[in-house]
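Before any comments, here is the structure.
Atoms within each ligand, like the ligands themselves, are counted from 1 in listed order. Worth saying up front: this structure is predicted, and the values here are computed from it rather than measured.
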Amino acid sequence: MSEYIRAREVYKSFQIGGGTVEVLKGVDLSIEKGEFAAIVGPSGVGKSTLLHLLGALDRPTAGDILYEDVSLAGLDNGRLAAFRNQTVGFIFQFHHLLPEFTALENVMMPLLVARRKRSEAQEIAASLLREVGLEHRLEHRPPELSGGEQQRVAIARALAVGPKVILADEPTGNLDTKTGEAAYELLRRLNRERGLTFIMVTHNEGLARRCDRIIPMLDGRIAERT
Ligand SMILES: Nc1ncnc2c1ncn2[C@@H]1O[C@H](COP(=O)(O)OP(=O)(O)O)[C@@H](O)[C@H]1O
Ligand SMILES: [Mg+2]
């Protein structure tokens with residue numbers, strides 16, 4: 001495997017109420033292409049903040065993130081957004097599906113935003129929902145789906161524009177053990193079959209142990225340097 005993503009001396013602080021909160025204090029991290037990595041650590045340590053920076057949703061206060069030879073610090077806001085839209089898929093603990101739209105429409109949404117033709121978007125979305133085992137739920141709205149099904153719609157949506165890396169923030173955190181296990185197995189299959197790189201934040205030690213690598217965070221840094 002070869003290095004795909006590198007965080008280099010990444011710092012992140014937030015200005016809040018006249019003070020500064022230092023969250024990330026020099027994160028160095030290297031992720032290989034096709035790797036399935038787990039980020040673990042206590043609540044408030046900066047896991048979600050790091051995931052946002054890795055996914056180009058936000059910028060570091062200092063330091064840089066590189067995707068192969070692309071430096072995110074070197075991209076202006078427009079290019080950064082374009083890079084994110086083409087490269088990264090996000091899955092969250094609370095799926096953030098649009099409740100008034102069907103499963104099919106939810107998965108079509110990023111494709112329509114990317115200006116794909118409606119018929120094309122529909123075809124891709126239906127095929128992705130089939131891939132995650134929801135071919136019988138295309139017309140259901142999120143409130144009519146179980147928690148596990150909702151998360152599978154969110155997984156299909158994350159895949160819609162053909163990302164190379166999936167960033168998942170506690171994707172099983174809101175699911176019972178068995179359903180969470182099934183969601184993990186689905187992500188693993190996508191990792192294997194599509195060669196996608198995964199970075200997953202999780203509190204589930206059992207799942208973390210089954211990933212290719214555990215990246216422990218402590219006090220705004222990676223506890224063991226990688
Ligand atoms: N947008 C923000 N503004 C101010 N503080 C923030 C912001 N985002 C995160 N933080 C703070 O950064 C710290 C780490 O948050 P987070 O990355 O969500 O931790 P974790 O995901 O490890 O639980 C917390 O103390 C949180 O309050
Ligand atoms: Mg978090």
Report yes or no: does V45 have a heavy atom closer than 4.0 Å to ligand 1? yes
Considering only non-hydrogen protein atoms, determine which one is nearest to [atom] and report residue, atom name and distance to 0.1 Å.
| atom | value |
| --- | --- |
| atom 18 (O) of ligand 1 | S48 CB, 3.6 Å |
| atom 12 (O) of ligand 1 | V23 CG2, 3.0 Å |
| atom 9 (C) of ligand 1 | F14 CE1, 3.6 Å |

Metal check, the Mg ion (ligand 2) vs S48 N/O/S, cut-off below 2.8 Å: yes
G44-ligand 1 polar pair, N/O distance under 3.5 Å: yes
Would you check whether G46 has a nitrogen or oxygen atom less than 3.5 angstrom from a nitrogen or oxygen atom of ligand 1? yes
SB check K33 E68 (cutoff 4.0 Å): yes
Looking at D169 and K47, is any side-chain nitrogen of the basic one under 4.0 Å from a carboxylate oxygen of the acidic one? no
Contacting atoms of ligand 1, where contact means under 4.0 angstrom from a heavy atom of T49: 9 (C), 15 (O), 16 (P), 17 (O)
A student checking ligand 1 against S43 at a 4.0 Å heavy-atom cut-off should list atoms 23 (O)
What verdict does the side chain to side chain donor-acceptor pair (under 3.5 Å) test give for E22 and S13, after you've listed the backbone C-alpha separation in whole Å, the side-chain angles of each residue and the deciding distance to 0.1 Å? CA-CA 4 Å; E22 268 192 38; S13 49; over 6 Å; no
So is R141 actually on top of F101's ring, under 6.0 Å and inside 45° of the axis? no
Taking atom types as modelled and ignoring hydrogens, do the side chains of S71 and D64 form a donor-acceptor contact shorter than 3.5 angstrom? yes
Going by atom types only, do E35 and T197 share a side-chain donor-acceptor pair under 3.5 Å? no
N/O donor-acceptor pair under 3.5 Å between N191 side chain and L187 backbone: no
Any protein heavy-atom neighbour for atom 27 (O) of ligand 1 (distance below 4.0 angstrom)? no
